[in-house]
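Read through the structure below, which is laid out as structure tokens, and then see the notes.
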Amino acid sequence: MSTPNTDTANNAAAPAPSDFIREIVAQHVAEARYPQIHTRFPPEPNGYLHIGHAKSICLNFGIAREFGGVCNLRMDDTNPTKEDIEYVESIQADVSWLIAGWADKHLGLKAASEPFFASDYFDQIYEFAIMLIKKGKAFVCDMTPDQTDDYRRNAKESPFRNRSVEENLDLFTRMKAGEFPDGKCVLRARIDVAAPNIWLRDPLLYRIRHAEHHHTGAKWCIYPMYDFAHCLSDYLEGITHSICTLEFEVHRPLYDWILASLDLPRTLPHQYEFARLSLSYTIMSKRKLMELVTEKLVTGWDDPRLPTISGIRRRGVTPEALRAFAYHIGITKYNGVTDVAVLEHAIREDLNARAQRRLAVLRPIKVVLTNYPEGQTEQLSAINNPQDEAGGTRQIPFTRELWIEREDFAEVPPPKFFRLKPGGEVRLKYAYIIKCEEVVKDAAGNITELRCTADLDSKTGGATSARKVKGTIHWASAAHAIDAEVRLYDRLFTEAEPEKDGRDFKTVLNPHSLEVITAKCEPSLRDATPDARYQFERLAYFALDKDSAPGKPIFNRTITLKDAWAKEAQKA
RNA sequence: UGCCCGAUGGUGUAACGGUAGCACAGCAGACUCUGAAUCUGUUUGUCAUGGUUCAAAUCCAUGUCGGGCAACCA
């Protein structure tokens, strides 16, 4: 079984998530309001998806999955100047990675592996605009952006508001034909310039943009605004529940007005809003993430320190862990900051169940067992995963000269130090109990080697193997260990709220967010695979990085193990 | 300033007029050939003031605080 039973997001027996939106949907299902529940996930392809999008994906696809519905993946691509095909492709990859084996049966696509595009509806949206004009509900306005702004602020009618239908039709047609330069005029809804809600004060529907579009090419020089395109795209796709974040709450009356004004024959979609995700020690704005990427403060959109889905994936987090996280944080209308510890817990819980245990020494110090025969190699049996009885065992070579972790030895041990110290004993995992007899130093006083003796009967399974020693440490045979590059990642920011009180997030970047070292690993790690997850015992979880080459493994530290000793040591 | 939304332990969330619960974090202990995992115990909470009611976290009013919107972005 590769699916751990701790995966609440994946476990059919686990209680289904419940929140105010799902309650509404359940109510609609109970009263059979719609033939089928239909949601959508509509990212704009102007950047990479991040963990906040993951929350939305889990919500929208989760609802489709739980209520036997469909969730469309739709590119909300109405602004050609900011969007790019690179983002379309990354979004597709991230979504399919996150929902694979979970909700992929509920993914609505235009065609095989083809997502929906709002830009595919430009013809229809244009026709809807014509309809609005004919109903006297839209007009072409020639005011400048500044004027428009001023008039809307002061609830004044545009001087062009009462143009005739014929004139509006003519002007709008010529806008489409490319007769006007960018900014010359716009199409506006004719609603109520004095409405308390700004979005009802004759909002813009179309603007002129002589720009190549990544999906429609040079076909258009006018593009619909979000508010006009989004509700109509939802309608055209038969969406029933259009779920978005809180900042669109004030747009809802406009969403409803447009659909109602068109006298559309089919059932109309409705918009529901929830709070976007904020995570401590993290920034979530696409614009700011892009800043980190373009200024090379990180290595790319998939830098494992970033909260992007691709970064999280590269770091070694599984989709199950991300879904479990989304399940645990819930859905509300309250704008809070989720403790990143909740994410970390979800990751550890998932990895604990699935990771292969391995012995690797990150910061080595040499140990020589003076009473162990030179040239002898023993193969010792080690358990692959104590959480999984079917995980089996492997062999690890043991010899007279070993590497142990520098942190596992203290010449002057602090209180409650259970590890190796002069004259003290410690167990080498799966091997012998050893005793430190001598500390060898170089001229500068640095420790270069520990000379120890082994209790040769204390091997796991041996005569004195039941002897109790307080500490057990990991190790690697010096003659057999393989070198591996290990990338130790830490939080990107030193402050829980990087932008608190308007501070520039780049002033609180963690200078130690990445440390690259060479580790001494047990030889089986030579055969590490990209899909596997590893726990270097007593240290952390790791996954193979895509930069690895045959014979040159590179491991990313996904997350450390909890470390009670680090806390204890800090108290001193 | 106008309009909209929100407020439950440190953090996130549940309780749908009837015993304030869960998770994470914290603390203490047990166990341990991973100071992990697991197990046990435990600290901490309904923004304020009125009102309705036998009974209010829940309904109403006012206030306070927080967030959002006021782009030819989404």
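Note that the structure is a prediction, hence the values are computed from the model and not measured. Order of the sequence lines sets the chain letters (A, B, ...), proteins ahead of strands, with each chain counted from 1.
- Here A:Glu291 pairs with A:Arg287, A:Lys506 under the salt bridge (Lys or Arg N to Asp or Glu O under 4.0 Å) rule; sequence neighbours left out.
- Here, B:rG29 and B:rU43 have their C1' atoms 15 Å apart, quoted to the whole Å.
- Residue A:Lys567 places at least one side-chain N or O under 4.0 Å from the OP1 or OP2 atom of B:rC27.
- Listed by chain and number, the residues in a ring pair (Phe, Tyr, Trp, His ring centres under 6.0 Å) with A:Phe116 amount to none (sequence neighbours excluded).
- Residues forming a side-chain contact (heavy atoms from CB on, under 4.5 Å) with A:Glu378 (at least two apart in sequence, or on another chain): A:Tyr372, A:Gln376, A:Leu380, A:Phe398, A:Tyr432, A:Lys459.
- In this structure A:Ile198 satisfies the side-chain contact (heavy atoms from CB on, under 4.5 Å) test together with A:Arg152, A:Arg201, sequence neighbours excluded.
- Taking atom CZ of A:Phe274 as the reference point, atom P of B:rU13 lies 12 Å away to the nearest angstrom.
- Residues forming a salt bridge (Lys or Arg N to Asp or Glu O under 4.0 Å) with A:Arg427 (at least two apart in sequence, or on another chain): none.
- No hydrogens or angles were tested; on distance alone, nothing pairs the side chain of A:His251 with the base of B:rA70 as donor and acceptor under 3.5 Å.
- Not a single ring pair (Phe, Tyr, Trp, His ring centres under 6.0 Å) links A:Tyr281 to another residue, sequence neighbours left out.
- Within the nucleic acid shown, A:Pro145 comes within 4.0 Å of at least one base atom, counting heavy atoms only.
- At the phosphate of B:rA74, neither OP1 nor OP2 sits under 4.0 Å from any side-chain N or O atom of A:Arg287.
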Contact letters for nucleotides 59-64 of chain B, in which S counts primed atoms plus P, OP1 and OP2 and B counts the base, heavy atoms under 4.0 Å
------
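- Applying the side-chain contact (heavy atoms from CB on, under 4.5 Å) test to A:Ser524 and every residue at least two apart in sequence or in another chain returns A:Arg358, A:Arg394, A:Glu522.
- Rounded to whole Å, atom C1' of B:rA71 lies 19 Å from atom OH of A:Tyr223.
- A:Met75 comes within 4.0 angstrom of no nucleic acid atom, judged by non-hydrogen atoms across all strands.
- Classification of A:Asp19 and A:Arg22 as a salt-bridged pair holds, one side-chain N sitting under 4.0 Å from a carboxylate O.
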So what does the secondary structure string of RNA chain B come out as, 5' to 3', with Watson-Crick or wobble pairs under 3.5 angstrom, [ ] for crossing and | for pairs with another strand?
(((((((..((((....[..)))).(((((.......)))))....(((((..]....))))))))))))....
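- With sequence neighbours excluded, the residues that form a side-chain contact (heavy atoms from CB on, under 4.5 Å) with A:His210 are A:Asp182, A:Ile208, A:Cys221.
- Residue-level contact check: A:Gly330 touches neither bases nor backbone, having no heavy atom under 4.0 Å from any strand.
- A salt bridge between A:Arg163 and A:Asp142 is present, with a side-chain N of the basic residue lying under 4.0 Å from a carboxylate O of the acidic one.
- Of the charged side-chain nitrogens involved, none lies within less than 4.0 Å of a carboxylate oxygen, so that A:Asp563 and A:Lys567 do not count as a salt-bridged pair.
- A ring-centre distance under 6.0 Å is found for A:Phe172 and A:Tyr206.
- For A:Asn79 and B:rC73, the CG to P distance is 6 Å, given to the nearest whole Å.
- When heavy atoms are screened at a 4.0 angstrom cut-off, A:Ile329 is found touching the sugar-phosphate backbone but no base atom.
- Ranking B:rU13, B:rG6, B:rA70 by closeness to the A:Thr332 side chain, first place goes to B:rU13.
- Listed nucleotides B:rU13, B:rA23, B:rG2 differ in distance to A:Ile198; the shortest reach to its side chain belongs to B:rG2.
- Annotation: B:rU62 and B:rC4 have their P atoms spaced 12 Å apart (nearest Å).
- For the C1' atom pair drawn from B:rG21 and B:rU64, the interatomic distance equals 28 Å after rounding to whole Å.
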Restricting both atoms to N or O, compile the protein contacts to nucleotides 66-68 of chain B shorter than 3.5 Å, with distance only.
unit_1, atom_1, unit_2, atom_2, d
B:rG67, O2', A:Asn335, ND2, 2.9

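- Across all strands shown, A:Tyr334 has heavy atoms under 4.0 Å from sugar-phosphate atoms exclusively, and none from any base.
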Once each nucleotide of nucleotides 30-39 of chain B is scored for protein heavy atoms under 4.0 Å, what B/S/- sequence comes out, 5' to 3'?
--BBBBSS--
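- Note on A:Val186: a base of the nucleic acid sits closer than 4.0 angstrom, heavy atoms only.
- A pairwise comparison of heavy atoms in A:Asn384 and A:Gly391 identifies ND2-O, 3.0 Å as the closest pair.
- Nucleic acid contact for A:Glu23: base, since at least one base atom lies under 4.0 Å from a heavy atom of the residue.
- Salt-bridge check for A:Lys500 with A:Glu495: failed, with every basic side-chain N at 4.0 Å or more from each acidic carboxylate O.
- Within the nucleic acid shown, A:Thr148 has no heavy atom closer than 4.0 Å to any nucleic acid atom.
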